[in-house]
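Since we're looking at a predicted model, the values are computed, not measured.
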Amino acid sequence: MPSLLNNTAYRLNSHRTAALVVFLSALFNSYAKAIETDETIEPWPYHYPASNPHLAQSYNNQGHWNDASTDSTHIAVPRGHFKVVPESYDIVANETLGIPFYASLIDNVDVRYFWSGFHLIKLHKNEQGYREIDRVGIHHQLENYTSVSPAERLDQARSVESLLINGDEQALADYLKSQPNRLLSAVEDQVSQGVLYSLFAKNDAFIAANARGLIRIDQQDPNDPFSSLENPVQVNLPNSLFDDQRAARNTFFPKDTVFGLSMTFNGVLVINTVSGRLITLNPKTFEVLDSLLLDNDEVISNSFSTSPELNGQAIYVASNKALYRLLVTPEGKIIDDEQTGAWRATYNSGRRMPYGKISTGTGATPTLMGFSDDEDQLVVITDGSDTMQLLAFWRNRIPTHAKPIAGQHPRLAAARAVNFGQEISQSEQSVVTAGPYAFVVSSVPQRKMKPLPARGSYLRGLLIGVTREPIMGLAMYRWTSSEQNWTEQWMRNDVGSLATVPMLSIPSRQVIINGYFKQRLKESFHLGFDIDTGEIVMSIAGGLNPLFNGTFTGLKCDPEGNLWYTMMFGLVTLKTNKMQRVENPDTTLKKSAQPRQK
């Protein structure tokens with residue numbers, strides 16, 4: 001075998017097959033780890049979303065896990081209750097708030113990628129941790145910014161932890177403001193100069209939206225796990241595609257920017273702007289192919305989903321006033337003609353909230369449910385009502401047996417109020433789905449918090465759960481096809497999530513958040529809830545260490561079931577098999593979880 005691995009022809013023909021074998025082996029190991037923690041793995045009778053042939057064939061090739069934006073995975077995350085100890089995590093420090101991270105398996109090598117703020121870092125992950133293979137970056141135009149070394153970055157994290165323990169907001173604000181790498185404005189800097197939405201395309205090409213432009217970074221040799229990265233291809237889009245006034249009039253963004261990004265199943269790159277424009281591009285050259293500006297002064301404050309439906313042309317877009325299915329032809333033309341299969345369905349936009357939401361309407365990226373002929377095929381969002389409604393729309397032909405809802409669009413299959421017992425139950429997070437399950441979190445505050453000692457989302461993200469109460473409320477619903485309605489599976493008002501996209505591990509039947517218990521500030525956790533009962537079946541206690549604060553990112557895991565995500569200070573992997581075992585931190589289960597009676 002060693003001689004074969006040194007043969008270029010062998011590697012070119014078999015590296016992806018070998019990678020698949022390794023991935024399946026790791027997947028089996030994650031199942032075994034879950035079983036070791038007294039978890040019963042039950043068969044999953046529902047279908048998974050299709051895999052996009054134009055993206056990297058990886059378990060992690062885009063922000064919401066897959067083209068259907070389900071935020072769920074077929075990888076088992078072990079159940080059990082744990083506490084982080086120094087040897088139980090690996091870390092790669094960032095430069096500023098870096099969000100995108102991806103993975104690939106080439107020639108049995110676990111290769112991972114991390115956008116650290118202004119660079120894409122290619123890494124080899126093994127039992128000893130991360131080893132850097134290469135990095136390439138972009139030029140930013142930030143004033144008074146001086147980079148710091150990885151060691152200095154981790155020193156900053158320790159200083160922040162000490163300040164959080166003391167609970168002195170002004171001292172923390174002063175510290176962030178004094179740092180040479182602009183910690184106080186790290187989130188805003190990433191929006192204006194860095195990368196938010198991105199994807200991992202075929203041959204492990206990184207494609208990302210960068211303010212009003214796009215970035216593509218290719219591998220010099222996609223078949224070599226230790227290949228260097230090509231220099232970035234970076235383009236700025238024409239100003240005529242943006243509308244600052246429209247964005248500022250309808251959102252809290254002062255200027256228009258590229259926000260969402262995805263690839264159709266027929267290989268066309270699609271982006272959306274905050275001001276409500278869809279743009280198609282050649283994914284290799286970034287040539288603009290077509291654009292469509294939504295009517296009625298509509299804006300888009302999230303990304304969108306793609307689907308193999310309609311010969312791979314379907315995309316699902318949610319504006320602040322309506323949900324759309326549009327078609328994108330192989331030539332990149334955007335079609336909104338209902339005769340071709342496109343549609344537009346209005347929903348309740350609600351009111352413009354003075355804080356906590358980007359705009360009116362949904363805060364969710366459209367999530368698809370149902371991926372076979374024997375399942376109801378739906379697209380799911382929440383609406384803009386003060387007490388948000390969980391909405392399910394028919395994706396394809398409306399069934400003849402469908403029961404219309406009085407006063408609503410015919411495509412609306414069901415609406416269920418999500419009431420956490422508060423004046424405002426609203427969210428800026430997408431709905432997490434798996435099979436018939438749909439998970440919703442509350443993320444909009446009841447009232448405007450007292451002013452922070454300095455302006456900056458980074459400061460706010462660090463203080464939530466420490467000196468500021470997190471927003472409480474989680475709920476799981478289940479689609480009942482025979483009744484064409486949502487059934488409440490359970491609801492909890494004693495737990496709140498940070499501004500982190502949750503994830504759902506299907507084999508271990510748990511949905512995972514990064515958050516806090518009510519009235520228990522300064523104790524951060526990653527918490528896994530049984531999808532049927534709401535019982536906390538997994539916990540990782542992180543204290544106040546900001547290395548485990550996943551605000552502004554999405555939780556994921558690697559093939560062995562280790563939680564893996566970017567956070568305020570870098571990219572972290574949490575290894576529960578090396579953590580300290582502790583008791584279940586949930587002391588109020590009987591009072592707080594309200595499981596559905598079976």
State, with a plain yes or no, whether a side-chain heavy atom of Q234 is found less than 4.5 Å away from one of N210. yes
Considering only NZ, NE, NH1 and NH2 on the basic side and carboxylate oxygens on the acidic side, decide whether D189 and R182 come within less than 4.0 Å. yes
Is a side-chain N or O of D134 found less than 3.5 angstrom from the main chain of L229, in a donor-acceptor match? yes
Looking only at the side chains, is there a donor atom on one of S359 and N250 sitting less than 3.5 Å from an acceptor on the other? no
Kindly determine whether K122 and S227 satisfy side chain to side chain contact (heavy atoms under 4.5 Å, CB included), including the steps that lead there. CA-CA 9 Å; K122 184 176 181 179; S227 166; 4.0 Å; yes
Side-chain (N52) to main-chain (M263) donor-acceptor, under 3.5 angstrom: yes
Checking R249 now: which residues fulfil side-chain hydrogen bond (donor to acceptor under 3.5 Å, both in side chains) with it, not counting sequence neighbours? D297
Quick one, L390 with V440, criterion side chain to side chain contact (heavy atoms under 4.5 Å, CB included). Give me CA distance, side-chain angles, the key distance, then yes/no. CA-CA 8 Å; L390 177 61; V440 183; 4.1 Å; yes
Kindly say whether A103 contributes a backbone atom to a donor-acceptor pair with the side chain of S58 at under 3.5 angstrom? yes
Minimum heavy-atom distance N302-G363, with the two atoms named: ND2-C, 3.9 Å
Donor-acceptor pair, T306 side chain versus F265 backbone, under 3.5 Å? no
Do the side-chain N and O atoms of S51 and Q57 include a donor-acceptor pair separated by under 3.5 angstrom? yes
In terms of ring plane angle, is the pair W343 and F393 parallel, tilted or perpendicular, where the classes change at 30° and 60°? parallel
For Q190 and V195, indicate whether the former's side chain and the latter's backbone hold a donor-acceptor pair under 3.5 Å. yes
Quick one: OG1 on T387 to CD1 on I424, what's the gap to the nearest 0.5 Å? 9.0 Å
Yes or no on side chain to side chain contact (heavy atoms under 4.5 Å, CB included) for T251 and R246, after CA distance, side-chain angles and deciding distance? CA-CA 8 Å; T251 76; R246 180 164 165 162; over 6 Å; no
Side chains of Q156 and N181: do they bring a donor and an acceptor to under 3.5 Å? yes
Around R397, counting heavy atoms of other residues, nucleotides and ligands shown, do more than 12 lie under 6.0 Å from its CZ? no
Quick check: closest heavy atoms across G137 and P232, and the distance to 0.1 Å? O-CG, 3.3 Å
Around atom CZ of R352, are there more than 12 heavy atoms from other residues, nucleotides or ligands closer than 6.0 Å? yes
Could you check whether the rings of F226 and H124 sit parallel, tilted or perpendicular, using 30° and 60° as the cut-offs? perpendicular
How far apart are the C-alpha atoms of D218 and R216, what are their side-chain angles, what is the distance that settles it, and do they pass the salt bridge (Lys or Arg N to Asp or Glu O under 4.0 Å) test? CA-CA 7 Å; D218 287 292; R216 180 181 174 109; 2.9 Å; yes
Does any pair with a residue in residues 317-341 pass salt bridge (charged side-chain N to carboxylate O under 4.0 Å, His left out), and if so which ones, sequence neighbours excluded? E309-R325
Is any side-chain heavy atom of L237 less than 4.5 Å from a side-chain heavy atom of V288? yes
Could you check whether K125 makes a cation-pi contact with Y130, meaning its NZ or CZ is under 6.0 Å from the centre of the six-membered ring and within 45° of the ring axis? yes
Mark yes or no for whether T362, through its side chain, and T382, through its backbone, hold a donor-acceptor pair below 3.5 Å. yes
Short question: side chain of D383, backbone of M388 - any donor-acceptor pair under 3.5 Å? no
So that I know where these two stand, are Y347 and H409 an aromatic pair - ring centroids less than 6.0 Å apart? no
Salt-bridge present (D558, R112; N to O < 4.0 Å): yes
Tell me whether the rings of F200 and Y102 are parallel (<30°), tilted (30 to 60°) or perpendicular (>60°). parallel
Tell me, which pairs form a side chain to side chain donor-acceptor pair (under 3.5 Å) where one or both residues lie in residues 278-291, sequence neighbours left out? R277-S291
Measure the shortest side-chain to side-chain distance between F552 and T500 over non-hydrogen atoms and say whether it is less than 4.5 angstrom. no
Only one of V274, D256, T257 passes side chain to side chain contact (heavy atoms under 4.5 Å, CB included) with F242, and that residue is D256
Please identify each residue that fulfils ring pair (Phe, Tyr, Trp, His ring centres under 6.0 Å) with F253, with sequence neighbours left out. F259
Ignoring hydrogens and geometry, is there a side-chain-to-backbone donor-acceptor pair from T365 to S303 under 3.5 Å? yes
Distance col, row L555:CG vs I512:CD1, nearest 0.5 angstrom, shows 7.5 Å
Could you check if a side-chain atom of L368 sits within less than 4.5 angstrom of a side-chain atom of R395, using non-hydrogen atoms only? yes
Just wondering, do L459 and L172 contact through their side chains at under 4.5 Å, heavy atoms? yes
With F206, the ring-ring contact (aromatic ring centres under 6.0 Å, His included) member among Y113, F114, W115: W115
Closest non-hydrogen atom pair between P546 and A157, with its separation: CG-O, 3.5 Å
Minimum heavy-atom distance between L323 and A318, given as atom pair plus value: CD1-CB, 3.9 Å
Is the closest side-chain heavy-atom distance between L176 and Y458 below 4.5 Å? yes
Take N320 and S349 through the side chain to side chain donor-acceptor pair (under 3.5 Å) test and state the conclusion after the steps. CA-CA 6 Å; N320 61 325; S349 292; 5.6 Å; no
Is the backbone N or O of A247 less than 3.5 Å from a side-chain atom of S275, with the two atoms forming a donor-acceptor pair by type? no
Apply side chain to side chain donor-acceptor pair (under 3.5 Å) to S149 and E152, showing your working. CA-CA 5 Å; S149 69; E152 290 171 325; 3.3 Å; yes
Of all heavy-atom pairs between L281 and L289, which one has the smallest distance, and what is that distance? C-CD1, 3.7 Å
What residues form a side chain to side chain contact (heavy atoms under 4.5 Å, CB included) with I464, not counting sequence neighbours? M449, R460, R468, P470, L498
Would a distance-only check, ignoring hydrogens and angles, find a side-chain to backbone donor-acceptor pair under 3.5 Å from D71 to V432? no
So do L154 and L547 actually touch side chain to side chain, heavy atoms under 4.5 Å? yes
Is there side-chain contact between Q377 and W394, with at least one heavy-atom pair below 4.5 Å? no
Pairs meeting criterion ring pair (Phe, Tyr, Trp, His ring centres under 6.0 Å) with involvement of residues 280-319, two or more places apart: none
Closest heavy-atom contact between P330 and Q313? CD-OE1, 4.0 Å
Any side-chain donor paired with an acceptor under 3.5 Å for S443 and Q426? no
Ring-plane angle category for Y145 and H140, please: parallel below 30°, perpendicular beyond 60°, tilted otherwise. perpendicular
Worked verdict on N272 versus V258 for side chain to side chain contact (heavy atoms under 4.5 Å, CB included): CA-CA 6 Å; N272 68 262; V258 176; over 6 Å; no
